[in-house]
Amino acid sequence: MRKATFAVVLAAPLVLSGCGGPATPDATPSTAVSPASSSATATTTPTTLTVSEKATCTLLVGPDEDGPLIQYVNGVTSIDPSDQAAVAKLVATRDEVKAIAKSANPEMKELLTALFSEDINDFKAAGTDLLTRCG
């Protein structure tokens, strides 16, 4: 099962590049802020709890290898771009993986970010490393 999953992970960027529209950046353009307005109000940012690598892997892969990472990779390799329901489900699964990444340690977070890269080499390296770590 792991070898099949690995093959699917490596094939995913090829399928991703052929479906959907152009990728949009996650970050919004920055705007200039005057020093007076940025120092006028101090806001606190909620702290995100960082979980262990093992916990992250459990959330990603699932106990029966049916977690959101596996669902995402399988969905990418089998999606019909004209099936809007399937595309919506794939986007929801991708968002679930990204939500898990928020509580991952910095190394895992970097790998999960690279997993969604448009660069196939980044994708392969991240997928291989994630499967090795979580295997």
Side-chain angles (χ1 to χ4, degrees):
M1 173 67 179
R2 292 177 197 246
K3 287 183 182 180
T5 302
F6 181 74
V8 169
V9 168
L10 293 179
L14 299 174
V15 174
L16 273 177
S17 64
C19 67
T24 57
D26 288 335
T28 56
S30 61
T31 57
V33 177
S34 68
S37 66
S38 64
S39 63
T41 307
T43 58
T44 57
T45 307
T47 304
T48 302
L49 177 67
T50 301
V51 298
S52 71
E53 186 172 305
K54 183 177 179 179
T56 300
C57 285
T58 300
L59 292 170
L60 288 170
V61 177
D64 298 322
E65 294 187 4
D66 61 351
L69 178 61
I70 304 300
Q71 290 176 13
Y72 178 75
V73 170
N74 289 337
V76 165
T77 60
S78 65
I79 193 161
D80 173 4
S82 65
D83 183 350
Q84 293 302 315
V87 171
K89 182 176 180 181
L90 186 61
V91 168
T93 304
R94 180 204 62 201
D95 291 346
E96 188 176 349
V97 172
K98 286 183 175 186
I100 292 169
K102 289 179 183 177
S103 64
N105 67 41
E107 255 185 273
M108 292 289 283
K109 191 177 292 189
E110 185 176 325
L111 288 171
L112 288 163
T113 300
L115 186 68
F116 300 109
S117 172
E118 291 182 15
D119 183 335
I120 188 140
N121 293 322
D122 290 346
F123 176 84
K124 284 181 190 179
T128 301
D129 202 355
L130 284 166
L131 289 173
T132 301
R133 288 171 180 244
C134 295

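Side-chain atoms are counted along with the backbone in the values below, which use heavy atoms only and exclude waters and symmetry mates.
- Within 6.0 Å of CD on Glu53 lie more than 12 heavy atoms contributed by other residues, nucleotides or ligands.
- In this structure, CG on Asp122 lies 13.5 Å from CZ on Phe116, to the nearest 0.5 angstrom.
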- Might you work through the side-chain contact (heavy atoms from CB on, under 4.5 Å) test for Asn105 and Thr56, ending with a clear yes or no? CA-CA 8 Å; Asn105 67 41; Thr56 300; 5.9 Å; no

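- One finds the CG atom of Asn74 at 9.5 Å from the CG atom of Leu69 (value rounded to the nearest 0.5 Å).
- Shortest non-hydrogen contact noted between Val61 and Cys134 is CG2-CB, 3.8 Å.
- Under the 4.5 Å side-chain criterion, counting only non-hydrogen atoms from C-beta, Arg94 is in contact with Val91.
- Heavy-atom minimum distance, Val87 versus Asp80: CG2-O, 4.2 Å.
- Nearest heavy atom pair, residue Leu115 against residue Leu130, reads CD2-CD1, 4.1 Å.
- Nearest heavy atoms, Thr93 versus Pro68: CG2-O, 3.2 Å.
- More than 12 heavy atoms of other residues, nucleotides or ligands lie within 6.0 Å of NZ in Lys109, so this atom counts as buried by the packing criterion.
- Taking OG1 of Thr50 as the start and CE of Met108 as the end, the distance is 12.5 Å to the nearest 0.5 Å.
- Between the side chain of Asp64 and the backbone N or O of Asp66, no donor-acceptor pair lies under 3.5 Å.
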